[in-house]
Amino acid sequence: MIASWFRKVWFRLVTPAFCLSVFATLSLGSQAVAASPDASSEASEAPMNVVVLYADDWRHDTLGVAGNPVVQTPTLDALAGEGMRFTENCVTTSICGVSRACLFTGQWMSSHGCDGFKPFETPWEQTYPGVLRDSGYYVGHVGKWHNGKFPGENYDFGRSYYGRHWFKMPDGSKVHVTQRNENDAMEFLGNRPKDQPFCLTVAFFATHAEDGNPQQFLPQPESMHLYQDVEIPVPANATDESFHRLPEFVANDGNEGRNRYHWRFDTPEKYQIMMKNYYRLATEVDSTCGKILKTLEEQGVLDNTLVIFTTDNGYYHAEHGLADKWYPHQESIRVPLIIRDPRMPADKHGSTNDDFTLSVDLAPTILNAVGAEVPESMQGRDMATLYDVKDASQAKWRDEFFYEHPTIRDKNFIPKSEALVRKD
């Protein structure tokens, strides 16, 4: 480990990315230095850390800062004010397991080979956590996995759990999945070696429904006061007419999207109950993100940490008479993305970008940011070009992308879909 760490430090010191990191830190001005001069000085000399806050089943507008008139996400709204928010960020496959494989490998489904919830075929050393660990990083993952058996041996700190909102712990107590995410993230940050850079992926289960539970969304009791007196707007196209405009292979009652619509949204009363609890789960995730960011600040490392917030797929809130995700509608494929990069020029803080950024872009963006080598297998692109860290002359960006989704179970349950996606 010492030899690996030495190589990592040396590699960081001689890369242009590190020089840019130091320059960006110094040019941000006196505000960060005044807050904690010793911590800031130490941070500027250390390799950049990485924290990925990865929520579940949030679409692009499940954020106050994105214009949602109901949901309260003050932490993430503030994070967007300190970084850049990507308004046209999309996933290349809108389902939990495949999308997670895209995140880790930087590859489309057709390349990494996970067409559902099995392990991806890409070698671990070609994933962003694999590259970072091989480069001397202390690497952690807490929460949802959903790519086969959790590969705990590939992490320095690994906790995998999902599927339920409430867990019975060994001592007999019950803990909510988001609180469990928070506890484990705090343990990672509290016990991590202080002489190593670190990478932590916090894979929330919320706001995913608890499949099989008639209540679907089960927030913590202290959140139940939220949204009590709010009427959640119902989408204009949450109608049977809209549903029956879809192709017949989707517009039938055997389709799982329609099935779940009936679980959640097929009466006005049910719609209000489900959406309020969904938004309560979102606010709980926002609160945990706030505690993680506060801990990074207290430890003096926030301003030397690349922080990313995004989600695995979007979500129908009854649009098209559907629920969940899977198909290449905007509600399903567009997801939030906020990047707070210490190298980002100050004039980019609080800005938005409307280029097509993709889930496959995150892995190469992370590795380039810390000066690590990007495997040739990664198909995404470094998003730092979009906030002026990289040479803008090389930043001609995509204006379309290929979307793919496998058949799940059979074509009557979730049929395969493919699309060439453009903004029109």
For Trp58 and Phe309, run ring-ring contact (aromatic ring centres under 6.0 Å, His included): C-alpha distance rounded to whole Å, both residues' side-chain angles, the deciding distance at 0.1 Å, then the answer.
-> CA-CA 11 Å; Trp58 290 38; Phe309 173 80; 5.3 Å; yes
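Checked against a 6.0 Å centroid threshold, the rings of Tyr137 and Phe198 do not count as neighbours.
Of the charged side-chain nitrogens involved, none lies within less than 4.0 Å of a carboxylate oxygen, so that Arg59 and Glu331 do not count as a salt-bridged pair. The pair Glu256-Arg260 counts as a salt bridge, with a side-chain nitrogen and a carboxylate oxygen less than 4.0 angstrom apart.
For Thr407, the side-chain hydrogen bond (donor to acceptor under 3.5 Å, both in side chains) test picks out no residue, with sequence neighbours left out.
Between His320 and His329, the ring planes lie parallel to each other; the angle is under 30°, not in the 30° to 60° tilted range.
Among Gln179, Met186, Glu187, the one residue that satisfies the side-chain contact (heavy atoms from CB on, under 4.5 Å) test with Asn183 is Gln179. Of the candidates Thr75, Thr62, Thr73, Asp286 forms a side-chain hydrogen bond (donor to acceptor under 3.5 Å, both in side chains) with just one, namely Thr75.
In terms of heavy-atom proximity, His208 sits nearest to Asp56 at CD2-OD1, 3.2 Å.
No side-chain donor-acceptor contact under 3.5 Å links Tyr128 and Thr105.
Checked by atom type and distance alone, the side chain of Lys348 never pairs as donor or acceptor with a backbone atom of Leu386 at under 3.5 Å. A donor-acceptor distance shorter than 3.5 angstrom exists from the side chain of His176 to the backbone of Leu218, with no hydrogens or angles considered. Panel note: side chain Ser99, backbone Asp312; a donor-acceptor pair is recorded below 3.5 Å. Side-chain N or O atoms of Thr87 include one that pairs as donor or acceptor with a backbone N or O of Asn353 at under 3.5 Å.
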